[in-house]
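Just below is one structure, and these are the notes that go with it.
Numbers here simply count residues along the sequence, with the first being 1. Since the model is a prediction, treat every value here as computed from it, not as a measurement.
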Amino acid sequence: MTQSQYDKCLAEMFGLRRFGIKLGLDIIDAMLKALDRPERKFACIHVAGTNGKGSIASALAAILQAAGLRVGLYTSPHLVRFNERICINNQYISDQEVVNAWQAARDEAPKEREATFFEYTTAMALYAFARAEVDWAVIETGMGGRMDATNILQPRLCIISNISLEHRFYLGSTIAQITGEKAGIIKPGTPVITGVHQKSAIEVIEKKAARNNAPVFRKGRDFRIRRSPKADARDFSFTYTGIDHKWTDMRSSLQGIHQLDNAALVLAACEVLMDQGTAIDVSRIKDGLANVRWPGRLEMVDTTPPMILDGAHNLIAARRLAAFLSDTAPNKNITLVIGILDDKPCQAMLNTLVPLCQRVIVTRPVIDRSLPARVIEAGVRKLTDHVEIVESVRDAVFYAMESTADTDLICVAGSLYVVGEAKAALEGAGAPEPV
């Protein structure tokens with residue numbers, strides 16, 4: 001394979017974005033049928049929800065791998081390279097494997113409607129996992145659940161992390177409506193684990209599960225987590241009291257107090273898998289949690305000055321980032337580098353983050369859905385006059401590094417697209433591949 005073949009493959013894939021988002025399962029079903037049903041050649045876990053999907057999926061993949069299994073992980077979006085979306089045993093698939101999967105999916109795509117980017121990438125991931133003979137795959141939904149391309153799966157376990165208002169044009173304007181879409185991943189007889197807490201969301205999930213004779217395990221009712229009394233701002237050790245087990249002195253390598261909630265769902269999932277006959281013991285669970293990595297989410301970068309990269313792409317995520325900064329850097333002068341997309345609650349996110357920071361550098365990622373820097377600047381000026389605009393994310397990151405004291409802290413946030421461009425700049429990788 002030549003680099004030009006890979007570049008042509010990516011250009012064709014990213015060109016599909018002009019077809020937008022088309023929810024439905026007919027096209028992906030036809031593609032997978034023509035590919036000889038790769039999704040039926042391994043066991044899988046399906047993860048939906050508003051926040052935490054990627055953290056939960058990556059932790060489960062790490063635990064299953066620690067247990068000696070061959071594991072595929074499918075997530076989105078990527079930060080720097082497309083290959084990040086499709087991992088096998090914690091390794092991104094190669095450029096050649098991307099090209100092979102794309103060609104296989106493209107050759108079998110139905111002709112009645114052009115498949116969307118996400119339909120193609122889902123088919124490619126499932127094809128790559130089958131070719132690699134994985135034992136398990138952990139699959140994150142793209143948007144919603146019911147009509148998401150990933151919902152073609154027949155999983156052994158479903159997880160719905162949490163629910164908040166998002167993608168209202170596609171999923172609905174209320175918590176109950178959005179939950180109904182995400183609960184669409186529930187399958188007959190398949191256990192469901194959830195961390196939702198709103199009464200309306202719980203009712204929707206319980207009713208959908210009852211119609212499918214699917215057992216539901218809820219955080220706070222069937223399992224819970226307690227942070228260790230001696231834990232400090234950087235020590236998130238905890239005790240898990242679960243469905244059938246109690247595990248003490250547990251730790252996750254992922255940063256942030258909210259990761260305890262995600263860990264609770266992960267451990268409940270492990271209990272269900274153990275009950276189904278998957279050979280996982282507590283030592284392998286500890287190994288997996290200790291070694292899981294999820295880039296761009298409270299990622300600490302060893303730069304001078306030190307830097308935190310966190311997508312913080314919606315209000316809940318911004319609040320979690322704010323809590324982390326308050327806990328771990330209460331005496332630091334923080335320079336915030338921020339860019340926000342036009343479908344996010346910009347002012348609410350700024351109200352959450354800006355008061356914690358000494359100054360703000362507003363930037364804009366290279367995506368058509370990003371807010372103009374001047375719009376964000378106007379929102380920042382309602383809170384502070386210490387704000388500047390540096391349009392290019394790359395330039396904003398290096399300017400922040402040059403103008404921030406070595407003992408202070410830089411935080412890059414507001415969008416995974418901003419974080420992706422920042423990572424590419426720090427890694428000397430040039431511009432990230434389109435997302």
Side-chain angles (χ1 to χ4, degrees), residues 1 3-42 44 46-48 53-54 57 72-88 92-132 134 137-155 167 170 184-185 367-369 416-417 420 432-435:
M1 187 208 73
Q3 183 64 37
S4 62
Q5 288 176 301
Y6 177 72
D7 292 341
K8 180 183 178 183
C9 163
L10 290 186
E12 290 177 355
M13 277 195 289
F14 295 131
L16 295 167
R17 289 303 178 88
R18 67 183 183 275
F19 297 105
I21 297 170
K22 294 183 173 67
L23 300 178
L25 302 180
D26 290 346
I27 297 298
I28 187 69
D29 183 59
M31 293 173 75
L32 295 176
K33 181 179 179 181
L35 290 169
D36 194 27
R37 292 293 176 195
E39 79 280 13
R40 297 179 183 176
K41 297 178 181 178
F42 45 81
C44 67
H46 202 188
V47 186
K53 297 190 297 293
L73 174 65
Y74 176 51
T75 58
S76 61
H78 60 273
L79 295 177
V80 180
R81 303 199 72 222
F82 174 85
N83 313 51
E84 298 168 27
R85 294 170 179 255
I86 306 172
C87 293
I88 297 170
Y92 305 147
I93 65 170
S94 68
D95 292 355
Q96 181 66 67
E97 288 169 316
V98 170
V99 172
N100 292 344
W102 162 250
Q103 290 175 340
R106 183 193 57 192
D107 290 347
E108 301 297 348
K111 301 300 186 283
E112 58 267 29
R113 167 173 75 76
E114 179 69 74
T116 64
F117 175 83
F118 191 71
E119 286 167 336
Y120 269 113
T121 58
T122 300
M124 289 166 63
L126 299 175
Y127 173 84
F129 294 155
R131 291 257 300 187
V134 302
V138 187
I139 310 291
E140 177 189 355
T141 60
M143 180 188 295
R146 182 177 65 92
M147 301 301 285
D148 189 84
T150 62
N151 205 30
I152 201 69
L153 300 169
Q154 294 296 322
H167 302 304
Y170 295 99
I185 70 170
I367 177 174
D368 56 7
R369 292 192 291 120
L416 287 169
Y417 300 95
E433 293 166 357
V435 277

Set of salt bridge (Lys or Arg N to Asp or Glu O under 4.0 Å) partners for R106, sequence neighbours left out: E12
Listed partners of T121 passing side chain to side chain donor-acceptor pair (under 3.5 Å), at least two apart: Y74
Pairing residues for K8 by the side chain to side chain donor-acceptor pair (under 3.5 Å) criterion, not counting sequence neighbours: none
side-chain contact (heavy atoms from CB on, under 4.5 Å) involving D29 - partner list, sequence neighbours excluded: R37, I152
Shortest non-hydrogen contact from E39 toward L126: CB-CD1, 3.9 Å
Any donor-acceptor N/O pair, E84 side chain to R81 backbone, under 3.5 Å: yes
For A128, all residues meeting side-chain contact (heavy atoms from CB on, under 4.5 Å), sequence neighbours excluded: I86
Spacing of CG belonging to L10 relative to CD belonging to Q5, to within rounding of 0.5 Å: 12.0 Å
Set of residues satisfying side-chain contact (heavy atoms from CB on, under 4.5 Å) with respect to A101, sequence neighbours excluded: M124, Y127
K33: partners by salt bridge (Lys or Arg N to Asp or Glu O under 4.0 Å), with sequence neighbours left out: none
Set of side chain to side chain donor-acceptor pair (under 3.5 Å) partners for D26, sequence neighbours left out: none
Polar side chain donor-acceptor pair, Y120 to E114, under 3.5 angstrom: yes
Residue pair E97 / N83, side-chain heavy-atom distance below 4.5 Å: no
With I88 via side-chain contact (heavy atoms from CB on, under 4.5 Å) - residues at least two apart: R70, I93, F129, A132, V134
Ring geometry between F14 and H78 (parallel below 30°, tilted from 30 to 60°, perpendicular above 60°): tilted
Between CG on residue L73 and CD1 on residue I139, distance to nearest 0.5 Å: 8.0 Å
